[in-house]
Amino acid sequence: MAAITLKHIYKHYSDEVTAVKDFNLEIEDKEFIVLVGPSGCGKSTTLRMVAGLEEISEGELYIGDRLVNDVAPKDRDIAMVFQNYALYPHMNVFDNMAFGLKLRKFKKQEIKERVHEAAKILGIENLLDRKPKELSGGQRQRVALGRAIVREPQVFLMDEPLSNLDAKLRVQMRAEITKLHQRLQTTVIYVTHDQTEAMTMASRIVVMKDGVIQQVGAPKEVYNEPNNVFVGGFIGSPAMNFMTGTLQNGRFQIGEQTLTVPESQLKRLKDYEGKELIMGIRPEHITNEAALIEASPGSVIDAYIDVAELMGSETFLYSKIADNDLIARVDANTNIQNGETVKLALDMDKVHFFDVQTEERIR
Amino acid sequence: MSDLKKSWLYRTLVEIFGADQLVIEADGSPASATHLFFPVKEGLETIGSIGIPAALIQGPARQLIETLVQYQQTFMLAGQDGEERLWQLCLQEAPDAWLDQWATFGYGKDVRFGHVYLYVDRLADDEHGAWFPALKTMIENALEQDSVFLPLEARTFVWIIPDYDHLVPELDHLLQGLADTITAEWLTDVLFYMGEAYPMPRDIRAHVRLELDFLKLAKRYLPDRHVVHYEDLIERIILDACSKETLQRLVDKLLGPVKEDHEMLRTVQTFLQHNLNVTETANALYIHRNSMQYRLEKWIEKTGLDVRRFEDAVKVHLALHALGIVPKK
């Protein structure tokens with residue numbers, strides 16, 4: 001097992017193209033780190049540098065206390081899992097899992113022990129004689145994981161391993177991988193573009209954009225305290241709502257509507273009086289409950305509901321406030337119809353304000 | 001001498017007459033009063049001859065031996081790994097000599113053989129011998145049907161697949177899987193290039209050289225891809241034929257005012273990738289639709305090229321590729 005340290009890591013592809021910029025991260029032993037961000041943000045490149053598949057242009061990478069910048073991938077004691085689990089169709093599950101060990105000339109008895117142990121962990125002992133075409137998608141993915149597990153590496157590197165699975169199976173495998181991590185007690189670096197995977201699986205999330213770390217933190221921390229507009233918008237589904245407005249005498253003016261900003265927030269905004277700001281609020285912090293609307297008249301806006309979408313356990317209300325899209329997550333039993341104008345109360349203690357120029361959260 | 005003893009003809013004659021009866025000659029067929037000498041073929045070359053006591057091969061026996069000698073390569077190829085051996089010969093030598101050999105394998109005239117090329121990164125030469133057999137097993141067994149996987153040059157291999165055309169729709173997915181599997185197994189980057197299908201028997205050497213050029217283009221310009229098709233390379237093939245001066249001029253003329261503005265270049269590149277759709281591009285870049293519109297207007301103002309129009313979009317598309325090809329100052 002090993003900690004991993006990335007110090008001032010850069011990846012330049014050319015003078016113009018830098019895929020990863022000044023990446024600094026200390027990953028603790030046995031941690032489950034998720035690198036998340038949109039396509040092209042540098043997350044896979046970072047993972048591939050840890051694996052040794054990409055050369056590091058600048059900076060230092062340590063696995064344990066060993067500097068591994070110039071260590072060949074095969075000598076880094078890592079195992080990789082990808083989204084495409086091409087199992088060898090002519091081999092049964094046992095041979096598929098044993099293949100890498102046979103290549104490395106492990107003794108028969110050791111191969112047998114490792115494969116059976118991995119199969120037990122993954123719950124596929126009864127499938128060891130089957131050929132890949134006799135397996136379901138989830139079972140195949142378990143075999144692919146098994147191939148990595150039998151190596152008993154110090155670090156697992158997973159690059160979008162669930163992207164090829166259908167939505168239902170993805171949810172199931174998310175839980176499986178989390179359980180697997182708890183059982184194996186190994187360091188995992190997991191790359192995904194799916195913020196839900198990041199939120200549900202990670203000990204810590206690393207949010208990336210344009211090759212730069214935007215925020216590192218526990219899922220709850222990143223969700224509740226986003227560093228900037230990008231993180232607020234990327235983490236969470238539906239995304240955080242953003243509304244551009246102006247701070248006037250302690251009130252936030254959005255088009256023709258005004259909201260009272262609580263004292264606790266105003267302290268942070270003293271330099272922004274009379275200036276434009278971006279206000280961010282999560283959909284669940286907007287309500288149509290009559291009691292709350294009545295209790296906080298300074299936090300209420302009028303919203304024309306374009307669409308009221310019943311999701312089963314909740315309803316999403318889609319509206320537009322002065323050209324800003326707004327989504328509210330309200331009770332499923334609400335009776336609001338499309339085209340209705342309603343009052344919505346915003347929990348102003350939960351809103352965040354961001355600088356219009358830098359898009360950083362004002363603290 | 002050892003090659004002669006390994007030949008199909010020698011091994012066959014040993015079975016008939018016993019090794020002690022045979023005489024082997026590395027240089028041609030010497031005149032002999034006691035023995036009749038027969039040439040041993042390796043590819044197009046004669047590598048020596050085998051002498052059999054004349055007394056043992058009179059009448060029909062001599063006719064039988066002459067038939068064995070005449071068709072020794074056909075018989076050899078019809079044995080285990082014969083098809084693979086024939087492909088090796090076709091990749092190395094003039095093909096016409098092998099025309100009759102193909103009949104042995106029963107391929108119809110209409111059969112087209114697909115060529116898939118594989119480049120494996122970070123493979124030390126001394127590792128080649130160790131893991132090639134495993135790689136070969138993996139690749140050849142990835143399909144239900146027979147296929148042949150052969151080394152071509154350093155780190156480069158060709159996978160020849162008969163009846164290729166009907167496989168093409170599913171091949172991309174299979175190759176993606178194989179690429180990930182090879183990387184996971186050997187921790188090395190790989191690139192598959194899906195080449196064309198060619199009828200056989202023909203001189204495939206010229207085709208192979210051309211396809212290897214495309215593989216090299218793919219390696220150079222699409223380093224983050226693991227499976228590349230000819231269609232992915234079309235712009236690069238066109239631009240690769242241009243001189244550096246021509247490319248530089250194209251870039252300067254079309255992108256001059258913006259070529260250092262990375263954000264602008266990325267915005268327009270993403271816009272082209274999203275079929276000139278402003279909303280989808282804005283979503284992909286995580287920017288507001290209005291910001292996207294603003295950037296496009298800025299681009300048009302600076303370059304005079306309205307990328308929302310097809311013709312200008314094509315010009316910009318080629319210029320952006322050229323920008324990636326033009327050497328950096």
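Naming convention: chains lettered A, B, ... in sequence-line order (proteins, then strands); numbering from 1 in each chain.
Expressed to the nearest 0.5 Å, how far CG of D121(B) lies from CG of L53(A) amounts to 8.5 Å.
Counting heavy atoms of neighbouring residues, nucleotides and ligands inside a 6.0 Å radius, atom NZ of K320(A) exceeds 12 of them. Counting non-hydrogen atoms of neighbouring residues, nucleotides and ligands closer than 6.0 angstrom, the CG atom of D75(A) exceeds 12 such neighbours. The number of heavy atoms from other shown groups lying within 6.0 Å of CD (Q357(A)) does not exceed 12.
In summary, K74(A) and E185(B) do not engage in a salt bridge, as defined by a charged side-chain N under 4.0 Å from a carboxylate O.
Of the residues considered (F99(A), F230(A), F242(A)), F99(A) shows the highest number of contacts with chain B, using heavy-atom pairs under 4.5 Å. Of the listed residues S44(A), A144(A), G233(A), G100(A), the one with more heavy-atom pairs under 4.5 angstrom with chain B than any other is G100(A). Of the residues considered (K209(A), M80(A), M91(A), R151(A)), R151(A) shows the highest number of contacts with chain B, using heavy-atom pairs under 4.5 Å.
For the side-chain contact (heavy atoms from CB on, under 4.5 Å) test with Y88(A), the passing option among N141(B), T181(B), T137(B) is T181(B); the others fail.
Neither the backbone nor the side chain of L157(A) comes within less than 4.5 Å of any heavy atom of chain B. Contacts between R76(A) and chain B at a heavy-atom distance below 4.5 Å are absent for every atom of the residue. Heavy-atom distances place both the backbone and the side chain of Q83(A) under 4.5 Å from chain B.
Residues D210(A) and R266(B) form a side-chain contact, since some pair of their non-hydrogen atoms from C-beta on lies under 4.5 Å apart. The closest side-chain heavy-atom distance from N84(A) to H173(B) is below 4.5 Å.
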